Amino acid sequence: MSPESEGTPSVRSPYVMLLYRVLFVLAALVVARLVLEAAGVPWDVTRYVSSNAALFLMAIYLAAVAPLRGGIQKFRQIFLPALILSVWTAAWVILATLVSGVFRLKGSHFATPADYGNWGHLGGHILGHVVEVGILFLLVAILMALTHLLWRWPLTVGPGAMLGALVVIRSWVEAMGLEASRAGAWSSTVGVLLAAFYLGGIAPRLGEAGEKSLFINSLVIAWVWRVWVFLATLLSAAVPFYKTHFFDPSQGQVAERLLRSFGGGVVVEGFIWGVIVWAIARWIARATRPSEA
């Protein structure tokens with residue numbers, strides 16, 4: 001070690017600090033839920049302090065912001081942070097399960113009464129969370145990949161990430177049993193209209209108000225929104241015990257309905273909504289254009 005380097009504090013990159021903050025939030029949510037449940041707060045309340053839902057939101061956020069912090073510049077770079085987020089979240093859940101089982105925290109959902117004093121059963125419960133890491137990694141990688149893809153059209157990153165977050169939140173609150181009238185407050189349909197106003201306002205200021213550029217960005221926003229919705233539809237079909245408005249597996253013909261959902265919901269509706277977004281964005285861009293002196 002050279003004399004100049006002795007005593008010099010290491011400087012972490014903005015991307016590393018961003019990742020640390022995301023990991024802190026995920027860990028804090030698991031600890032907060034464990035403490036709340038141990039204190040006797042009902043599960044109907046604590047289930048909304050969900051580390052899994054937060055994991056998906058943090059994945060979208062990290063993929064949207066990381067390129068601005070010197071990280072995830074290339075597609076292949078998403079896999080390591082996706083793995084870190086998945087393993088980290090599962091590790092804290094496993095720790096909470098172990099603590100709940102060992103100390104017999106009856107108010108906690110992390111461990112069941114069958115785990116108390118039964119190391120074999122508790123070990124099997126923990127092993128299930130280990131297996132879940134692979135599923136979480138796949139889902140997180142997909143969310144991050146889709147968000148990272150939006151950086152090909154930088155104007156779409158913010159709206160696209162926002163729409164993804166709205167779909168994740170609505171899917172989760174519906175799965176948790178929130179009534180439809182309240183879950184509808186997280187409507188991504190309203191979100192895509194707001195995205196159109198945003199695009200029309202920001203595009204001229206960034207030199208992207210040309211007809212072709214505005215139309216392409218509008219289509220990207222609309223299609224990525226419909227892809228978010230389709231992913232929520234797939235998840236609802238794969239996990240039938242979570243009831244959401246996105247998909248009802250009990251009606252049968254799952255494969256056929258999913259294909260129709262992709263063809264009609266993503267391709268066709270995506271294009272139609274792209275035209276609507278473009279029309280609104282074009283109107284806003286013209287309405288806010290500075291008048292010539």
Side-chain angles (χ1 to χ4, degrees), residues 13 15-34 47 49-67 69-98 109-111 123-151 157 160-161 163-172 175-176 224 227-242 244 246-247 258 262:
S13 70
Y15 169 61
V16 172
M17 296 304 298
L18 173 66
L19 184 58
Y20 281 174
R21 288 194 292 270
V22 168
L23 295 177
F24 174 80
V25 169
L26 294 172
L29 284 173
V30 176
V31 173
R33 185 170 185 179
L34 177 63
R47 63 184 178 179
V49 187
S50 169
S51 58
N52 284 339
L55 172 62
F56 299 149
L57 293 174
M58 290 296 102
I60 295 172
Y61 169 74
L62 185 63
V65 177
R69 301 291 188 269
I72 313 185
Q73 302 295 325
K74 299 180 180 179
F75 181 80
R76 66 174 180 271
Q77 292 176 313
I78 67 172
F79 296 106
L80 180 58
L83 181 62
I84 292 173
L85 292 180
S86 305
V87 171
W88 176 263
T89 304
W92 278 95
V93 171
I94 289 171
L95 179 60
T97 303
L98 185 61
H109 85 286
F110 289 100
H125 192 167
I126 291 174
L127 181 61
H129 288 304
V130 173
V131 174
E132 286 177 1
V133 172
I135 300 174
L136 291 176
F137 168 70
L138 177 62
L139 294 174
V140 169
I142 291 173
L143 296 180
M144 293 186 69
L146 183 55
T147 306
H148 180 69
L149 180 64
L150 293 176
W151 275 103
V157 176
L163 292 169
L166 287 173
V167 171
V168 168
I169 294 173
R170 181 163 188 182
S171 178
W172 186 256
M176 292 297 98
V224 77
V227 170
W228 288 129
V229 172
F230 182 69
L231 290 176
T233 301
L234 285 177
L235 192 59
S236 297
V239 190
F241 48 83
Y242 285 139
T244 74
F246 292 100
F247 191 84
L258 287 176
F262 180 81

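These values consider heavy atoms only, across backbone and side chains, with no hydrogens, waters or symmetry-generated copies. Being a predicted model, the structure only gives us computed values, none of them experimental.
Closest approach of Val30 to Ser51, counting heavy atoms only: CG2-CB, 3.6 Å. Nearest approach of Leu26 to Ala54, heavy atoms of both residues: CD2-C, 3.8 Å. For the residue pair Trp151 and Pro67, the shortest heavy atom distance occurs at NE1-CG, 3.3 Å. Nearest approach of Arg33 to Arg47, heavy atoms of both residues: NH2-CA, 3.3 Å. Gln73 and Gln77 make their closest contact through N-OE1, 2.5 Å (heavy atoms, listed as atom of the first residue, atom of the second, distance).
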Cut-off 3.5 Å, no hydrogens considered: what does the side-chain donor-acceptor table look like for residues 130-150, sequence neighbours left out?
| unit_1 | atom_1 | unit_2 | atom_2 | d |
| --- | --- | --- | --- | --- |
| Glu132 | OE1 | His129 | ND1 | 3.3 |
| Thr147 | OG1 | Leu143 | O | 2.9 |

Exercise answer: donor-acceptor pairs, residues 227-242 side-chain atoms, under 3.5 Å, sequence neighbours excluded:
| unit_1 | atom_1 | unit_2 | atom_2 | d |
| --- | --- | --- | --- | --- |
| Trp228 | NE1 | Gly160 | O | 2.9 |
| Thr233 | OG1 | Val229 | O | 2.9 |
| Ser236 | OG | Ala232 | O | 3.0 |
| Ser236 | OG | Thr244 | OG1 | 2.6 |

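Rounded to the nearest 0.5 angstrom, Ile169 CD1 and Ser50 OG are separated by 11.5 Å. For the atom pair Leu62 CG and Leu57 CG, the distance stands at 12.5 Å (nearest 0.5 Å). Rounding to the nearest 0.5 Å gives a distance of 10.0 Å between CD1 of Ile60 and CG of Leu163. Note: Leu34 CG to Leu29 CG = 12.5 Å, rounded to the nearest 0.5 Å.
Using a 4.5 Å heavy-atom threshold, the side chains of Val16 and Tyr20 count as touching. Side-chain contact between Pro81 and Tyr15 is present, with heavy atoms from C-beta onward closer than 4.5 Å.
Every residue meeting the side-chain contact (heavy atoms from CB on, under 4.5 Å) condition with Arg21, not counting sequence neighbours, appears here in chain and number order: Met17, Leu18. Every ring-ring contact (aromatic ring centres under 6.0 Å, His included) that Phe79 has, sequence neighbours left out, goes to Phe75. With sequence neighbours excluded, the residues that form a ring-ring contact (aromatic ring centres under 6.0 Å, His included) with Trp92 are Trp88.
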